[in-house]
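Atom set for the values below is all heavy atoms of this structure, side chains included, hydrogens, waters and symmetry mates excluded. Since we're looking at a predicted model, the values are computed, not measured.
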Amino acid sequence: MTAGTEALSAPLAKSLQIGDWIVEPELNRLSCGDEAVRIEPKAMAVLVHLADRPGEVVSRSALLSAAWPDVIVGDDSLTQVVIKLRKALRDAADEPAYIQTVSKRGYRLIAAVRLAEESQVRSAPAARPLDAPKGWRTGWLAGAGFVAVLLAATAGIRWVGGGPADEIAPAGVQAPGQVPERADGPVVAISAFEALSGDQQEELLAQGITEDLLTDLSKVSGLWIVDARTLGEARGQGLQIDYQVAGSVQRTDQRLRMHVHLTDARTGRVLWSERFERETSDLFAIQEELGPRILRVLPAKVTESEMRRVAQRHTRSLVAYEMFQRGQRALLARQKGENDHARALFRQAIGVDPAFARALAALALTYAADYRNQWATPVAPALDRALEIANTANHINPDIPETHWVLAFVRMERREHDRAMRHLETAIRLTPSYADAYGLIGSIQTYRGHPADTLGNVRTAMRLDPRSSNLHFMNLGRAYFFLGDVEQARANLEQALARNQANLEAHVYLAALHVTGGNMDAAAWEAEEIRSLRPAFSTRDWLRTYPMTDALQKEKLVKALGELGF
């Protein structure tokens, strides 16, 4: 126990004082002086678990078990939560006053912990979300397909929805109610590659290798690829894992050591194992060999064209690759400053490799974010710039699904829904298990006034990639709202908010739902949540950069929210 820390004699559901902060676990709220922030439930669970053991080193596995009981998630989930906690507590990883990282062991809470006095709790100010600084706008959170990409990146830098393919998609988009059942074929789980030294650059490299392998193998129609970080959700969908790929990475000076093995998940027998040791600059040559070697061991029929696409690399420059990864991480913050920083990193990557189509596509998304969040002045040119860059990315490499997805997203923002759908059909032809494509299709169907057509596509996306469920629940809740199914809408919107309390769009629709259902007390509560996220919120201003084209649906929203003064 650290100096000044009192033994806790009451359950940790009670309010605490940790250092200078008042912590209210039941409200997921932190406050200090005249400042208060809300944090997500998982972050609070981690903080409470650390506070119950002040001064002790708590292993990563113990924290994962405490915050994610009965669910298998990757280390990245915990890393991101710790980052958010440090941000909320105004802490620094290099000179911590609250949460200290203990290399290769875990974390410990080094601030004093005691029960908070009731008067301190009563005087705590109203909370804002962690990611809601002054002037913050949450329009970015409104685009389900866009954010599905960014949320998927929480556990790495993955755009392709290489989850368990509950279907082998045909050349076009599935009609609602006609989503096929699971196809025959082996189910392969890809585990996160381990960075042996724990160096930050090495960890970034290991994540990139994991995500690229998921992306590469997802291009093969005869396989079902699942991210091992979502095994809990995948098994909940009835999946039985047949094979598992795991590996480790070590980077020393200019040398790269990588060990990869393929295991029969049912027997535990290692079917294939290989160690690579080469110059760091040979990373892409290793990756070009890796996917095809794994495919040759698996009992799946792989065409020659699929094999070539698996070996295709997005860039040959390690410098550009690392800049791209860092840019993807910056995108996760969903704030203007970080969006600008991501843009600078993508530009640097493109400067090193002008043909790096994925970096160009990501650059286009930063301009789309400026438009959706109304960060640019004037706002319209930002979307024009996004389209110009997305077209360039697609011209450079039309054979990867990411460039088509980004073009679809930008076309959706321009309310050109038919053109967006054609790009998504192409993306699915290129990668049958592309969950993000199905999610964006679901969004567009509701935006254009066909919410019933959303349901089958979103459920397909949820089976393909369970990690993106926050936005998938939002997508379903929005569709059910316009279908008039109050109970289904409420259940799905509440599930979305349980996973992300800062989802402005979910609060908007839940407020409108309560108004239409006559529950004005609940509607008023949601109105306060909306104002805490976006103090100057107005429905018509929000709809100005919202891609909905159906006039009756917009009228329904305007009328309901008008009852709350919006």
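We find the CG-CG distance between D399 and N394 to be 9.5 Å, quoted to the nearest 0.5 Å. Summarising the geometry, atom CE belonging to M44 is positioned 10.5 Å from atom CD belonging to E26; distances are rounded to the nearest 0.5 Å. The CD1 atom of I441 sits 11.0 Å away from the CG atom of N475 when rounded to the nearest 0.5 Å. From E494, atom CD reaches atom CZ of F473 across 12.0 Å, with rounding to the nearest 0.5 Å. For the atom pair E413 CD and L383 CG, the distance stands at 6.5 Å (nearest 0.5 Å).
Side-chain contact annotation: N339 with T366, donor-acceptor N/O pair under 3.5 Å absent. For R60 and Y107, the side-chain atoms include at least one donor-acceptor pair closer than 3.5 Å. Using modelled atom types, one finds a donor on one side chain and an acceptor on the other under 3.5 Å when comparing R478 with Y447.
Here E425 does not pair with R422 in a salt bridge; the nearest charged N to carboxylate O distance is not below 4.0 Å. Between D384 and R414 there is a salt bridge, since at least one side-chain N of the basic residue sits less than 4.0 Å from a carboxylate O of the acidic one.
For residues 554-566, no residue pair satisfies the salt bridge (Lys or Arg N to Asp or Glu O under 4.0 Å) rule, not counting sequence neighbours.
F482 and T446 make their closest contact through CD1-CG2, 3.9 Å (heavy atoms, listed as atom of the first residue, atom of the second, distance). Closest of all the heavy-atom pairs between V379 and D370 is CG2-O, 4.1 Å. Between T431 and P401, the shortest heavy-atom contact is OG1-CG, 3.3 Å.
By the 6.0 Å and 45° rule, R343 stacks over the aromatic ring of Y367.
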Practice item. Any chance you could lay out the side chain to side chain donor-acceptor pair (under 3.5 Å) test for S317 and D353, step after step, and finish with the verdict? Key: CA-CA 7 Å; S317 167; D353 181 359; over 6 Å; no
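Sparse packing is recorded around CZ of R540, with 12 or fewer heavy atoms of other residues, nucleotides or ligands lying under 6.0 Å away.
By the 4.5 Å heavy-atom criterion applied to side chains, I530 and L564 are not counted as neighbours.
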